[in-house]
Peer 1: 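A single structure is presented below for examination.
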Amino acid sequence: MLISPSRRLRRTAFSDGVEAAGVKAYTSYNHMLLPTVFRSLTEDYRHLKDAVQLWDVACERQIEVRGPDASRLMQMLTPRDLRKMQPGMCYYVPMVDETGGMLNDPVAVKLAEDRYWISIADSDLLFWVKGLAYGFRLDVLVDEPDVSPLAIQGPKADELAARIFGQGVRDIKFFRFGRFEFQGWQMVVARSGYSRQGGFEVYVEGSDIAMPLWNALMEAGRDLDVRAGCPNAIERVEGGLLSYGNDMTRDNTPHEAGLGRFCSTQTAIGCVGRDALLRVAKEGPVKEIRAVRIEGDLPPCDRAWPLMDGQHQVGAVTSAAWSPDFETNVAIGMVRMTHWDPATDLDVVTQAGVFPAIVNETFWI
Ligand code: THG
């Protein structure tokens, strides 16, 4: 299956590097190209866990919120209490509508008291943020700046990043950022990324410096076996990292998505979904994200697969992949509370037949 290029499917500031590295498949994310495979899913997986990779995650677009009402607008968007968030911090923040339905699960980056980036997952959140700013007559500017995140992920990420940005990057704490120089440009470098292997995300401001940075990292990491990589479908399921639009949608609350730990709805005064969420937070959800183990030779998970107890649907699997390390198919599903206990035996209905599925104790991480 090929992806037809067009202006709507935006290239990124790193696409030239990704192509030179022999990208084999793309998906679309925020109307932009996101590489999904370089050598093979399992080869990329092994290499990510053993070495270091550069990821073109420019599709994690930034929504910049700037001005005197920036903090007020940010708190309207999320049930996470942002009052203790300082410049230099990143927060994983579920964002919800007035019904408590999830609109996105971005990383918020606080650049200054009156300036944030919202590093979004795959949904058109800009329109909601602009709508709120306009509707409430807030004194903020909301736009999508030319910022392209580049992730450095894997066990050798610290070593590689230190060679380009200096030893100071080693001291960056998890979900914090600092500003580091590259060829005379200041760059936001955060310890974060969509894998459990550790590493950084560089928020590259302006497209001109993107390929020079990509090439410098490739050059500096030759002896570390640095390669182009991308968010890996196996590793992220093992790690329980959720994918908006796949594992949860606007039909789910953050609690159903297992993101209750990132909500402090009681004190998140101003969040537009607060009243709706206070109701579900009190009772607890009746279905919730679970790790699921599946036996057998699975087809690609390109649709929600019903989870069955006999003739009765009790949930759905939304992501699945063969894990070489755990020697089983690892999966993420939404399961009703009557069946969500560990070791519950179910069946999963795929386009290629029915397979045994077992609710797992935890993610594999
Ligand atoms: N980095 C940045 N932007 C992003 C992503 C990213 N935007 C899109 C997408 N990924 C958003 N989704 C996630 C999902 C999980 C995490 C980050 C972004 C994540 N979660 C950890 C967890 O759930 O344990 C840590 C959260 C925490 O402790 O605060 O890292 O990857 N820039």
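When a ligand or atom number is given, it counts from 1 through the structure's own listing order.
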Peer 1: Is the count of non-hydrogen atoms from other residues, nucleotides or ligands lying under 6.0 Å from D302 atom CG greater than 12?
Peer 2: yes
Peer 1: Any non-hydrogen atom of R236 lying under 4.0 Å from ligand 1?
Peer 2: no
Peer 1: What atoms of ligand 1 come within less than 4.0 Å of a heavy atom belonging to D105?
Peer 2: 11 (C), 12 (N), 13 (C), 14 (C)
Peer 1: Which residue and non-hydrogen atom of the protein lie closest to atom 23 (O) of ligand 1, and at what distance in Å?
Peer 2: R261 NH2, 3.4 Å
Peer 1: Given Y194, F262, Y29, which has its nearest heavy atom closest to atom 26 (C) of ligand 1?
Peer 2: F262
Peer 1: Counting each atom of ligand 1 from 1 as listed, which ones have a heavy atom of E201 under 4.0 Å away?
Peer 2: 1 (N), 2 (C), 6 (C), 31 (O), 32 (N)
Peer 1: Measuring from atom CG of D143 to atom CG of L126, what distance do you get when rounded to the nearest 0.5 angstrom?
Peer 2: 8.0 Å
Peer 1: For atom 30 (O) of ligand 1, state which one of F175, F177, Y244, Y203 supplies the nearest heavy atom.
Peer 2: F175
Peer 1: Which residue pairs satisfy the ring pair (Phe, Tyr, Trp, His ring centres under 6.0 Å) criterion with at least one member in residues 157-191, sequence neighbours excluded?
Peer 2: none
Peer 1: Can you check whether Q86 reaches K110 side chain to side chain, under 4.5 Å on heavy atoms?
Peer 2: no
Peer 1: For atom 6 (C) of ligand 1, what's the nearest protein heavy-atom neighbour? Residue, atom name and distance, please.
Peer 2: E60 OE2, 3.4 Å
Peer 1: Find all atoms of ligand 1 within a distance of less than 4.0 Å from any non-hydrogen atom belonging to F174, and give their numbers and elements.
Peer 2: 25 (C), 28 (O)
Peer 1: Show me the donor-acceptor pairs within less than 3.5 Å that the side chains of residues 72-80 make with the rest of the protein, sequence neighbours left out.
Peer 2:
{"from": "Q75", "atom 1": "OE1", "to": "L82", "atom 2": "N", "distance (Å)": "2.9"}
{"from": "Q75", "atom 1": "NE2", "to": "T78", "atom 2": "O", "distance (Å)": "3.0"}
{"from": "Q75", "atom 1": "NE2", "to": "R80", "atom 2": "O", "distance (Å)": "2.8"}
{"from": "T78", "atom 1": "OG1", "to": "R80", "atom 2": "N", "distance (Å)": "3.0"}
{"from": "T78", "atom 1": "OG1", "to": "P94", "atom 2": "O", "distance (Å)": "2.7"}
{"from": "R80", "atom 1": "NH1", "to": "Y92", "atom 2": "O", "distance (Å)": "2.9"}

Peer 1: What is the closest protein heavy atom to atom 19 (C) of ligand 1, and at what distance does it sit?
Peer 2: L241 CD2, 3.8 Å
Peer 1: With the side chain counted from C-beta on, respond yes when V354 and M308 share a heavy-atom pair under 4.5 Å apart, and no when they do not.
Peer 2: no
Peer 1: Check step by step if salt bridge (charged side-chain N to carboxylate O under 4.0 Å, His left out) holds for K156 and D50.
Peer 2: CA-CA 8 Å; K156 298 178 179 168; D50 291 342; over 6 Å; no
Peer 1: What do the steps show when you test K130 against Y134 for side chain to side chain donor-acceptor pair (under 3.5 Å), and what is the final call?
Peer 2: CA-CA 6 Å; K130 276 189 163 293; Y134 181 74; over 6 Å; no
Peer 1: Would you please determine whether G193 falls within less than 4.0 Å of ligand 1 on a heavy-atom basis?
Peer 2: yes
Peer 1: V272 versus R274: any side-chain heavy-atom pair under 4.5 Å?
Peer 2: no
Peer 1: How far is atom 13 (C) of ligand 1 from its nearest protein heavy atom, and which residue and atom name does that atom have?
Peer 2: Y92 CE1, 3.5 Å
Peer 1: Which protein heavy atom lies closest to atom 7 (N) of ligand 1, and at what distance to 0.1 Å?
Peer 2: S119 O, 3.0 Å
Peer 1: Might you point out which heavy atoms bring A257 and M102 nearest each other, and give the distance in Å?
Peer 2: CB-SD, 4.0 Å
Peer 1: Looking only at protein heavy atoms, which one is nearest to atom 17 (C) of ligand 1, and how far off is it?
Peer 2: V107 CG2, 3.8 Å
Peer 1: Against ligand 1, does R196 come closer than 4.0 Å with any heavy atom?
Peer 2: yes
Peer 1: Under a 4.0 angstrom heavy-atom cut-off, which atoms of ligand 1 come close to I120?
Peer 2: 7 (N), 8 (C)
